[in-house]
Student: 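Got a structure here, written out as structure tokens. Questions coming.
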Amino acid sequence: MTTPAAVTFVETDLDALAKQEGVLACFVPAEGTLSPEARRLNRLTKGAIKRAVESAAFDKLGNGKVLDIAFPAGLSATTVAITKLPRRPDAAKARAAGAELAKLRGSRALTILGGAH
């Protein structure tokens, strides 16, 4: 049997996002509204998050699927994972999003900016 990953819940420190390593994940609903955490990532990456959310690739994503940005400028993280997820997902969509993020994570640290989710 596999060992579950260790999970730690901490209050989000928006000022520390630029130095966070590994994978940074944020949730964005289909309409493209950015949470405060996603807006901070967008500012740090000089608009890359908003451009990704406005792209055709994001439009084609299913709920719970991930659009990733590798080696984003302005961040120490190796990847930003933009997860398409409704503001109030049902359990199946939330599990699908978690599975997608776990696959993308690999052996790297994963910081999920859950916001109101």
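Since this is a predicted model, take the numbers as computed values, not measurements. For the single chain, residues carry numbers from 1 onward in sequence order.
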Student: Quick one: OG1 on Thr33 to CZ on Phe27, what's the gap to the nearest 0.5 Å?
Tutor: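 Between atom OG1 of Thr33 and atom CZ of Phe27 there are 15.5 Å.
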Student: Does atom NZ of Lys65 have more than 12 heavy-atom neighbours from other groups under 6.0 Å away?
Tutor: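 For Lys65, atom NZ is not crowded (no more than 12 foreign heavy atoms under 6.0 Å).
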Student: So, taking the atom named CD1 in Ile49 and the one named CG in Leu34, what distance separates them when rounded to the nearest 0.5 Å?
Tutor: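 Interatomic distance, Ile49 CD1 to Leu34 CG, rounded to 0.5 Å: 8.0 Å.
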Student: Which distance, rounded to the nearest 0.5 Å, do you find between the NZ of Lys50 and the CG of Asn42?
Tutor: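 Output value for this atom pair is 7.5 Å.
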Student: CZ of Arg87 to OG of Ser35: how many Å apart, nearest 0.5 Å?
Tutor: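 With rounding to 0.5 Å, CZ (Arg87) is 8.0 Å from OG (Ser35).
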Student: Compare every heavy atom of Pro86 with every heavy atom of Pro29, then report the nearest pair and how far apart it is.
Tutor: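 Distance-wise, the nearest heavy atoms are CB-CA, 4.4 Å.
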Student: Are the charged groups of Glu100 and Lys103 less than 4.0 angstrom apart, N to O?
Tutor: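 Counted as a salt bridge, because a side-chain N and a carboxylate O are separated by less than 4.0 Å.
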Student: Which distance, rounded to the nearest 0.5 Å, do you find between the NZ of Lys19 and the CG of Leu44?
Tutor: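 Lys19 NZ to Leu44 CG: 10.0 Å, rounded to 0.5 Å.
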Student: Can you list the residues that meet the side-chain contact (heavy atoms from CB on, under 4.5 Å) rule with Thr111, with sequence neighbours excluded?
Tutor: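 In terms of side-chain contact (heavy atoms from CB on, under 4.5 Å), with neighbours along the sequence ignored, Thr111 is linked to Gln20, Leu24, Leu113.
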Student: Distance from Arg88 atom CZ to Asp90 atom CG, nearest 0.5 Å?
Tutor: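 The CG atom of Asp90 is 13.5 Å from CZ of Arg88, to the nearest 0.5 Å.
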Student: Under 3.5 Å, which donor-acceptor pairs link side chains of residues 73-85 to any protein atom two or more places apart or in another chain?
Tutor:
{"from": "Ser76", "atom 1": "OG", "to": "Ala18", "atom 2": "O", "distance (Å)": "3.2"}
{"from": "Thr78", "atom 1": "OG1", "to": "Gly22", "atom 2": "O", "distance (Å)": "3.1"}
{"from": "Thr78", "atom 1": "OG1", "to": "Arg108", "atom 2": "NH1", "distance (Å)": "3.0"}
{"from": "Thr79", "atom 1": "OG1", "to": "Arg108", "atom 2": "NH1", "distance (Å)": "2.9"}
{"from": "Lys84", "atom 1": "NZ", "to": "Phe58", "atom 2": "O", "distance (Å)": "3.1"}
{"from": "Lys84", "atom 1": "NZ", "to": "Asp59", "atom 2": "O", "distance (Å)": "3.3"}
{"from": "Lys84", "atom 1": "NZ", "to": "Leu61", "atom 2": "O", "distance (Å)": "3.1"}

Student: Are Glu37 and Cys26 close enough that some pair of their side-chain heavy atoms sits under 4.5 Å apart?
Tutor: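 Side-chain contact under 4.5 Å: no.
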Student: Give the minimum heavy-atom separation between Ala52 and Leu67, together with the two atoms involved.
Tutor: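 Residues Ala52 and Leu67, closest heavy atoms: O-CD2, 3.7 Å.
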